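Residue numbers start from 1 in every chain, and the chains themselves are labelled A, B, ... in the order their sequence lines are given, proteins ahead of strands. As the structure is a prediction and not an experimental result, all values here were calculated from the model. The figures here come from the full heavy-atom set of this structure, side chains too, leaving out hydrogens, waters and symmetry mates.
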There are 2 protein chains.
Amino acid sequence: MKIGELSKTTGCSIQTIRYYEKEGLLSTPERTEGNYRLYGERALKELEFIKHCRSLDIPLTDVKRLIELKNKPEESCASVNKLIAQQLALVNNRMRELKALKAELQQMASSCTTENTVEACGIIKSLDS
Amino acid sequence: MKIGELSKTTGCSIQTIRYYEKEGLLSTPERTEGNYRLYGERALKELEFIKHCRSLDIPLTDVKRLIELKNKPEESCASVNKLIAQQLALVNNRMRELKALKAELQQMASSCTTENTVEACGIIKSLDS
DNA sequence: CTTGACTCTATAGTCACTATAGACTTTATA
DNA sequence: TATAAAGTCTATAGTGACTATAGAGTCAAG
């Protein structure tokens, strides 16, 4: 299949697919006589793997490392484990941040009644303090 | 005070301060004879306001709008209210995403015992599916 | 045979910074 | 007083993970 079809079946934009190729995350595809990229089942799987990793917010550098590890099936997966644990720690941190953030925003939202002027606005006041 | 001192008292890096100025978020400071920026109480307050907004993940374009609104104290603060509500909605969305993310990462982490090889690794398997 | 859809490469833009180079100014030390 | 060190200046490039655009080439249908 050509890049347009791969894009549709995976939901990745065409530019993103080309970008992943450039970054060495997708293996170099064959080309037609007219220089169009040609993909098969393998590319589809590679792309789905990347998509899945990205949906977990795993950065592309780490995705690349995971792909390299996948290609060394006999090695220990301790580093895979570590990578996921780090990712989990990041997510936990971010969640904690967002909770605090949410609390403050809610507090702010409740301090403003729409009839106010900017001058009297509780939101502006709390941002100022 | 000069930019270094402002940087230390606010915790904003020097480059960030200059960046905010360039983007029109900080008012243009006076200069010494040697062309050094000179700041006073006002700049300090402006910068604290921006910092507070940023700590709430409010994008700089919106911070700019808030600053403009602050300077029109007689207008209605409905738009301030709306902006904060949108920000809250964003945060809520992101929290929902992160919850799902965390669940999957935890699931993955628990599917890997460190003694495994990459080949048998539960994490790689679940990323593949 | 031409129109339109698709693809190609190369480049610039996004956001909010961070980092660097190379020059200038000011302060501290010898 | 000379000089070294610290601070500041502007301008530019880099970050991550894309997205958008320009301008050219390819291919299938009418």
Side-chain angles (χ1 to χ4, degrees), chain A residues 1-26 28-40 43 46-67 83 86-87 90-91 94 97 101, chain B residues 1-26 28-40 43 46-67 83 86-87 90-91 94 97 101:
Chain A
M1 70 185 121
K2 281 179 286 177
I3 200 167
E5 200 185 333
L6 184 64
S7 168
K8 254 174 213 153
T9 51
T10 59
C12 276
S13 82
I14 289 175
Q15 296 102 304
T16 299
I17 295 172
R18 292 199 278 241
Y19 171 72
Y20 286 163
E21 182 188 335
K22 194 155 69 75
E23 295 299 304
L25 291 152
L26 284 174
T28 314
E30 293 177 50
R31 299 281 185 138
T32 67
E33 279 198 7
N35 201 31
Y36 285 11
R37 286 170 179 82
L38 266 187
Y39 298 102
E46 287 176 352
L47 196 46
E48 296 286 6
F49 183 86
I50 299 169
K51 263 195 75 184
H52 196 168
C53 290
R54 291 294 301 133
S55 78
L56 295 168
D57 267 5
I58 297 173
L60 286 186
T61 44
D62 287 347
V63 178
K64 207 170 174 182
R65 280 180 54 210
L66 285 174
I67 291 172
L83 205 151
Q86 280 172 356
Q87 194 58 31
L90 274 182
V91 168
R94 187 62 185 146
E97 280 174 24
L101 229 146
Chain B
M1 70 186 122
K2 282 179 287 178
I3 201 169
E5 202 186 330
L6 184 65
S7 169
K8 256 175 211 152
T9 52
T10 59
C12 277
S13 81
I14 289 175
Q15 296 101 303
T16 300
I17 295 171
R18 291 199 277 242
Y19 171 72
Y20 288 163
E21 181 187 336
K22 194 156 66 78
E23 295 299 304
L25 292 152
L26 284 175
T28 314
E30 294 177 50
R31 300 280 185 139
T32 66
E33 280 197 5
N35 201 33
Y36 285 11
R37 287 170 179 84
L38 267 187
Y39 300 101
E46 287 175 354
L47 196 44
E48 296 287 5
F49 183 86
I50 298 169
K51 264 195 74 183
H52 196 168
C53 291
R54 291 295 300 133
S55 78
L56 296 168
D57 267 4
I58 297 172
L60 286 187
T61 44
D62 287 348
V63 177
K64 207 169 173 180
R65 281 181 52 210
L66 284 174
I67 291 171
L83 206 152
Q86 280 172 355
Q87 193 59 29
L90 274 182
V91 168
R94 187 61 184 145
E97 281 175 26
L101 230 146

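Rounded to an integer number of Å, the gap from A/Leu6 CG to C/dC8 P is 11 Å. Here the C1' atom of nucleotide C/dC6 and the CG atom of A/Asn35 are 13 Å apart, to the nearest Å. Between the CE atom of B/Met1 and the C1' atom of D/dT8 there is a distance of 16 Å, given to the nearest Å. Here D/dA17 presents its P atom at 18 Å from CD of A/Glu21, a figure rounded to the nearest Å. Remark: P of D/dG14 and CD of A/Glu23 are 14 Å apart, rounded to the nearest angstrom. Summarising the geometry, the separation between NZ on A/Lys64 and C1' on D/dA17 is reported as 14 Å, rounded to the nearest angstrom. Rounded to an integer number of Å, the gap from A/Ile50 CD1 to D/dA17 P is 12 Å. In this structure, A/Ile14 places its CD1 atom 14 Å from P of C/dA5, rounding to the nearest Å.
The salt bridge (charged side-chain N to carboxylate O under 4.0 Å, His left out) test applied to B/Arg18 returns no partner, not counting sequence neighbours. In this view, B/Glu46 and B/Arg42 satisfy the salt bridge (charged side-chain N to carboxylate O under 4.0 Å, His left out) rule, not counting sequence neighbours.
For the pair B/Glu33 and A/Arg31, nearest-nucleotide mapping onto DNA chain C gives the more 5' position to A/Arg31. Map B/Glu5 and B/Lys22 each onto its nearest nucleotide of DNA chain D; the residue landing nearer the 5' end is B/Glu5.
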| request: Could you run through nucleotides 13-24 of chain C and give me one letter per nucleotide, 5' to 3': B if any protein heavy atom sits under 4.0 Å from the base, S if only the sugar-phosphate is that close, - if neither? | output: ---BBBB-----
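Rounded to the nearest 0.5 Å, atoms NZ (B/Lys64) and CG (B/Leu60) are 9.5 Å apart.
Considering every non-hydrogen atom in both A/Met1 and A/Thr9, the closest pair reads SD-OG1, 4.4 Å.
Distances shorter than 4.0 Å separate some side-chain N or O of A/Arg37 from OP1 or OP2 on C/dC8.
A salt bridge is defined here as a Lys NZ or Arg NE, NH1 or NH2 lying under 4.0 Å from an Asp or Glu carboxylate O, and A/Arg37 with A/Glu30 fails to meet this definition. Contact check on A/Glu97 versus A/Arg94 returns a salt bridge, with a Lys/Arg side-chain nitrogen under 4.0 Å from an Asp/Glu carboxylate oxygen.
Residues B/Tyr19 and B/Leu25 form no side-chain contact, since every pair of their non-hydrogen atoms from C-beta on lies 4.5 Å or further apart.
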